[in-house]
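Here's the structure, in structure tokens; my notes come after.
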Amino acid sequence: AKWPSGFDKVAEYVKSRGMGLGLFFEPGVAMVGTQRPNEHPEFFYSYADAAGTRVYRFSDAAARAHILELVSGFVERYDLRYIRWDHNLDAIPFIRDEDPTLKLVFAHVRGLYDVWETLLDRHPRLALESCAAGGRRLDLGSMQRSHACWCNDNMGNPHIYHVIQAGGNVFVPGYYLGASLGWRPNMGQHPDASLSDLSFLSRMAGEFFFQGRLSDWPEEKRERARHWADVYKRQRHLLGQEYYRLLPQPESEADWNAFQFCDGSAEGLVFAFRVAGETDTQRLRLRRLDGAKSYTFTDVRTGDMGNTRAG
């Protein structure tokens, strides 16, 4: 058995370490022949695709009540503090089979929103991250009803991700866009094989995860993850503050990428990245500096304090 002592023991252990437990859910999709479609076929649209997949009928009040109690039961039993609500299938073909006008889509989406709203009202300490096959839930309705969003499945290149976050943070709070960093043996020339400073910094302008079997990470890499987790926690309060692009959106690997978070003129956090090209240094004009104040520059990687300059 995967959990020979029951999953309750896992939840108890996580709580004993002063952490909150999170779980992944994908309630909107099920395979033909599995428990939920067998017990309640009326809760799913009748159409099934070639893989034998069916989509949950959030347009139906009884179906909504059922899934709400199911997920809420997990939250209560394990004292969950975070869930990822994923959906990896286009619902349109399933709904069109019953309603060619697709007017039923409005009831379906509104029903999903109702479930989220009720779940969060019932569990105010729960954080909900929305996801749909990557970043396909970055719509205003979903954003209004979730605390974060998994914005892209392209986690493999650190330079791709800091460009995604830098652009997305123009429109959403800096803590909203989710990113993860993973490691596994035999990564070869993968950009994250050594878990360099870049691997961590490129994902720190938003919600930040470590993924994979952390118990398999060598101690040296786990220690680096601990260090950068501490760095992130010390800086993340700034992610919901003011945000400025210091350079235009990169259009090639030769372009630098730089942006700034700040709490008015009191405190700030600056990210600057170079992928390639021959420009070794870049002059940046920082925002919201107060000419009557002095500012000390600190390297977040080491905590070393550098020059102090007047605003």
- Full working for side-chain contact (heavy atoms from CB on, under 4.5 Å) between Cys131 and Phe24: CA-CA 10 Å; Cys131 181; Phe24 172 100; over 6 Å; no
- Query: How far apart are the C-alpha atoms of Tyr47 and Glu98, what are their side-chain angles, what is the distance that settles it, and do they pass the side-chain hydrogen bond (donor to acceptor under 3.5 Å, both in side chains) test?
  - Reply: CA-CA 8 Å; Tyr47 173 78; Glu98 297 189 14; over 6 Å; no
- Message: Show, in sequence, the C-alpha distance, side-chain angles and deciding distance for Phe273 and Leu201, and conclude whether the side-chain contact (heavy atoms from CB on, under 4.5 Å) test is met.
- Response: CA-CA 9 Å; Phe273 300 93; Leu201 284 164; 4.1 Å; yes
- Message: Using the rule given for side-chain hydrogen bond (donor to acceptor under 3.5 Å, both in side chains), can you reason through His108 versus Tyr45, listing the C-alpha separation, both sets of side-chain angles and the distance that settles it, and then say yes or no?
- Response: CA-CA 11 Å; His108 177 86; Tyr45 295 109; 2.9 Å; yes
- Message: Please determine whether side-chain contact (heavy atoms from CB on, under 4.5 Å) holds for the pair Met305 and Phe297, giving the CA-CA distance in whole Å, both sets of side-chain angles, and the decisive distance to 0.1 Å.
- Response: CA-CA 6 Å; Met305 300 177 69; Phe297 292 84; over 6 Å; no
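Val29 has its side chain out of reach of Asn88: every pair of non-hydrogen atoms, C-beta onward, lies at least 4.5 Å apart. The shortest distance between side-chain heavy atoms of Leu289 and Tyr295 falls below 4.5 Å. In this structure, Leu269 and Cys262 have side chains that are not in contact, with every pair of non-hydrogen atoms separated by 4.5 Å or more.
By the 30° and 60° cut-offs, the orientation of the rings of Phe209 relative to Trp150 is perpendicular. Taking the six-membered ring where tryptophan is involved, the planes of Phe210 and Phe200 are perpendicular, since the angle between them exceeds 60° and thus also 30°.
Across all their heavy atoms, Met204 and Val231 have their closest contact at CE-CG1, 3.9 Å. Residues Thr279 and Trp256 approach most closely at O-NE1, 3.1 Å, considering heavy atoms. Here the closest non-hydrogen pair linking Thr101 and Asp99 is OG1-OD1, 2.5 Å. Nearest heavy-atom pair, Asp97 versus Ser46, reported as atom, atom and distance to 0.1 Å: OD2-OG, 3.7 Å. Counting all heavy atoms, side chain and backbone alike, Arg234 lies closest to Val300 at NH2-O, 4.4 Å. Across Phe261 and Gly174, no two heavy atoms sit closer than the pair CE2-CA, 3.9 Å.
Using a 4.0 Å cut-off between a side-chain N of Lys or Arg and a carboxylate O of Asp or Glu, Asp230 and Arg226 do not qualify as a salt bridge. Taking 4.0 Å as the cut-off between side-chain N and carboxylate O, Glu12 and Lys15 do not count as a salt-bridged pair. Ion pairing between Asp216 and Arg213 holds under the 4.0 Å rule for side-chain N and carboxylate O. Arg122 and Glu69 are joined by a salt bridge, as a carboxylate oxygen and a charged side-chain nitrogen come within less than 4.0 angstrom of each other. Classification of Asp299 and Arg301 as a salt-bridged pair holds, one side-chain N sitting under 4.0 Å from a carboxylate O. In summary, Asp79 and Arg81 engage in a salt bridge, as defined by a charged side-chain N under 4.0 Å from a carboxylate O. Salt bridge status for Glu253 with Arg274: absent, with no side-chain N to carboxylate O gap under 4.0 Å.
No continuous path of ILVMFWY side-chain contacts below 4.5 Å connects Tyr176 to Leu120, so the two sit in separate hydrophobic clusters. Residues Leu21 and Val75 share a single hydrophobic cluster, defined by chaining ILVMFWY side chains whose heavy atoms lie under 4.5 Å apart. Clustering ILVMFWY residues whenever any of their side-chain heavy atoms sit less than 4.5 angstrom apart, transitively, puts Val163 in a cluster other than the one holding Tyr244. Both Val10 and Phe25 belong to a single network of hydrophobic side chains, linked directly or stepwise wherever heavy atoms of I, L, V, M, F, W or Y lie under 4.5 Å apart. Val170 and Leu239 fall within a single hydrophobic cluster, where Ile, Leu, Val, Met, Phe, Trp and Tyr side chains are chained together by heavy-atom contacts under 4.5 Å.
Put simply, the side chain of Asp263 never gets that close to the backbone of Ala266: no donor and acceptor are under 3.5 Å apart. Arg145 contributes a side-chain N or O that, together with a main-chain N or O of Gly141, makes up a donor-acceptor pair within less than 3.5 Å. A side-chain donor-acceptor contact under 3.5 Å links Arg224 to the backbone of Leu195. Without hydrogens or angle criteria, Asp255 side chain to Ser252 main chain gives a donor-acceptor distance under 3.5 Å.
Of the candidates His162, Gln249, Gln165, Asn257 forms a side-chain hydrogen bond (donor to acceptor under 3.5 Å, both in side chains) with just one, namely His162.
No side-chain donor from either of Glu207 and His147 sits under 3.5 Å from a side-chain acceptor of the other. Side chains of Thr118 and Asp121: no donor on one and acceptor on the other come within 3.5 Å. Under 3.5 Å, the side chains of Ser265 and Arg288 contain no donor-acceptor pair of N or O atoms. Side chain to side chain, Thr308 and Thr296 meet the donor-acceptor criterion of an N or O pair below 3.5 Å. No donor-acceptor contact under 3.5 angstrom links the side chains of Gln241 and Tyr243, judged on distance only. Side chain to side chain, Arg137 and His87 fail the donor-acceptor criterion of an N or O pair below 3.5 Å. For His159 and Ser202, the side-chain atoms include no donor-acceptor pair closer than 3.5 Å.
Here the CD atom belonging to Glu39 is positioned 6.0 Å from the CZ atom belonging to Arg36, to the nearest 0.5 angstrom. We find the CG-CD distance between Leu89 and Glu26 to be 8.0 Å, quoted to the nearest 0.5 Å. Here CG of Asp192 is found 12.0 Å from CH2 of Trp183. Values are rounded to the nearest 0.5 Å. Summarising the geometry, atom CZ belonging to Arg136 is positioned 9.5 Å from atom CG belonging to Asp90; distances are rounded to the nearest 0.5 Å. Arg283 contributes atom CZ, which lies 13.5 Å from atom CG of Leu246 (distance to the nearest 0.5 angstrom). Expressed to the nearest 0.5 Å, how far OG of Ser130 lies from CG of Leu138 amounts to 7.0 Å.
Less than 6.0 angstrom separates the ring centroid of Tyr78 from the ring centroid of Phe7. Checked against a 6.0 Å centroid threshold, the rings of Tyr113 and Phe58 do not count as neighbours.
In this structure, Arg203 fails the cation-pi test against Tyr232, since its NZ or CZ atom is not both closer than 6.0 Å to the six-membered ring centre and inside 45 degrees of the ring normal.
Remark: Arg64 pairs with no residue by the side-chain hydrogen bond (donor to acceptor under 3.5 Å, both in side chains) rule, at least two apart or across chains. Considering only residues two or more places apart in sequence or on other chains, Tyr161 meets the ring pair (Phe, Tyr, Trp, His ring centres under 6.0 Å) condition with none of them.
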